[in-house]
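What you see is a predicted model, and the numbers here were worked out from it, not measured in a lab.
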2 protein chains.
Amino acid sequence: MIRSHGGRVTAVKRAVLNTLISAPQHLSVETLTGSVQQVAPDTSASTVYRILEELEGLGIVVHSHLGHTAAVYHLSGLVHGHLSCVRCAETIEIPASFFSTIADRVSGDYGFTLDEHHLALSGTCARCQGR
Amino acid sequence: MIRSHGGRVTAVKRAVLNTLISAPQHLSVETLTGSVQQVAPDTSASTVYRILEELEGLGIVVHSHLGHTAAVYHLSGLVHGHLSCVRCAETIEIPASFFSTIADRVSGDYGFTLDEHHLALSGTCARCQGR
DNA sequence: GTCAGTGCAAACGGTTTGCATGTTT
DNA sequence: AAACATGCAAACCGTTTGCACTGAC
């Protein structure tokens, strides 16, 4: 896919993709860069940003803004939503189906199509509520 | 309310509140500062940030992060949600009731309570889809 | 008179960009 | 060899903070 769009396959791109593939959850550019540096020690964050931008353009990767912190990136394979706790910053992944009702309503009432890849809501997680 | 929490009522605070009260929609700190400067010409953005922080602590004001841009602020009076268009950045306000179904589901399944004041979703508005 | 509020400028953190060098094709 | 990719450093933008001064009480 990279080659078919005029891009070149490089060691850093492989490392970024490998990290994303084996990542348990969403990664910030900072952590992503850290992982990549274990393979290619002097990879810079700016390169990771550029690679992620390319991969996002190819539809392979997706990013979300979960609150006031840095953006997180992940593979676009599985569509799903996020619940982001405003107190402990924990992120819970939920099925995209949770959004189907509201997606239908905003589509019907406003002609607005929800972005499948940016389904994020804030609130308080169960643990933080117990305190 | 400001005085009862040890704060002082100043000209800039009045101007910020007046702007928020008469604002048709949500305002960024930049636009808010611009409006305030028509009354108090050398008001600085840092002061506006500090005032908004105070008002948010009092529960009078609320802010949201709608995408990759600057945060927007508004009075907390009416609880409602946002639809933010990723192409033209238009923001559509929708009733909070749209979120009731998903709020119930995440509460039941994860014990997660949605934040009434940060109900924002991204997608594509009707106009941008027509192009 | 005291203490909170303010303006300014500098610091900050995440992200983007310019440029010279290195690598893929 | 040509074009893309990379590292570095600097620029950028929204936001926060330190400090001296002003203004509310």
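Side-chain atoms of S84(B) do not come within 3.5 Å of backbone N or O of L121(B) as any donor-acceptor pair. Checked by atom type and distance alone, the side chain of T33(A) never pairs as donor or acceptor with a backbone atom of A45(A) at under 3.5 Å.
A straight line from CG of L52(A) to C1' of dT16(C) spans 13 Å, rounded to a whole angstrom. Following rounding to the nearest Å, R50(B) (CZ) and dC8(C) (P) show an atom-to-atom distance of 12 Å. Atom CD of E54(A) is separated from atom P of dT15(C) by 19 Å (rounded to the nearest Å). Here dT16(C) presents its C1' atom at 15 Å from CD of E56(A), a figure rounded to the nearest Å. Note: OH (Y49(B)) to P (dA11(C)) measures 19 Å, nearest angstrom.
Within residues 32-48 of chain B, the residues having any heavy atom closer than 4.0 Å to DNA chain C are, in order of number, D42(B), T43(B), S44(B), S46(B), T47(B). If you check residues 2-17 of chain A against DNA chain C, the residues with a heavy atom closer than 4.0 Å are R3(A), R8(A), V9(A), listed by number.
Applying the side chain to side chain contact (heavy atoms under 4.5 Å, CB included) criterion to R87(B), with sequence neighbours excluded, gives C85(B), T124(B), C128(B). E30(A) is linked by a side chain to side chain contact (heavy atoms under 4.5 Å, CB included) to S28(A), counting only residues two or more places apart in sequence or in another chain. The salt bridge (charged side-chain N to carboxylate O under 4.0 Å, His left out) test applied to E90(B) returns R127(B), not counting sequence neighbours. Considering only residues two or more places apart in sequence or on other chains, S100(A) meets the side chain to side chain contact (heavy atoms under 4.5 Å, CB included) condition with none of them.
Screening residues 11-45 of chain B for ring-ring contact (aromatic ring centres under 6.0 Å, His included) gives H26(B)-H74(B), H26(B)-H80(B), H26(B)-H82(B) as the qualifying pairs, with residues at least two apart or on separate chains. Sequence neighbours left out, the pairs with a member in residues 46-60 of chain A that pass side-chain hydrogen bond (donor to acceptor under 3.5 Å, both in side chains) are K13(A)-E54(A), S44(A)-S46(A), S44(A)-T47(A), E56(A)-H63(A).
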Donor-acceptor contacts under 3.5 Å from residues 16-23 of chain A side chains, at least two apart:
unit_1: N18(A); atom_1: ND2; unit_2: R14(A); atom_2: O; d: 3.4
unit_1: T19(A); atom_1: OG1; unit_2: A15(A); atom_2: O; d: 2.8
unit_1: S22(A); atom_1: OG; unit_2: N18(A); atom_2: O; d: 2.9

For residues 103-113 of chain B, tabulate all N or O donor-acceptor pairs below 3.5 Å that involve a side-chain atom, not counting sequence neighbours.
unit_1: T113(B); atom_1: OG1; unit_2: Q129(A); atom_2: OE1; d: 2.6
unit_1: T113(B); atom_1: OG1; unit_2: Q129(A); atom_2: NE2; d: 3.0

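By the 4.5 Å heavy-atom criterion applied to side chains, I102(B) and T101(A) are not counted as neighbours.
Protein chain B contacts DNA chain D from dG14(D) to dC25(D), reading 5' to 3' and using non-hydrogen atoms of the protein with a distance under 4.0 Å.
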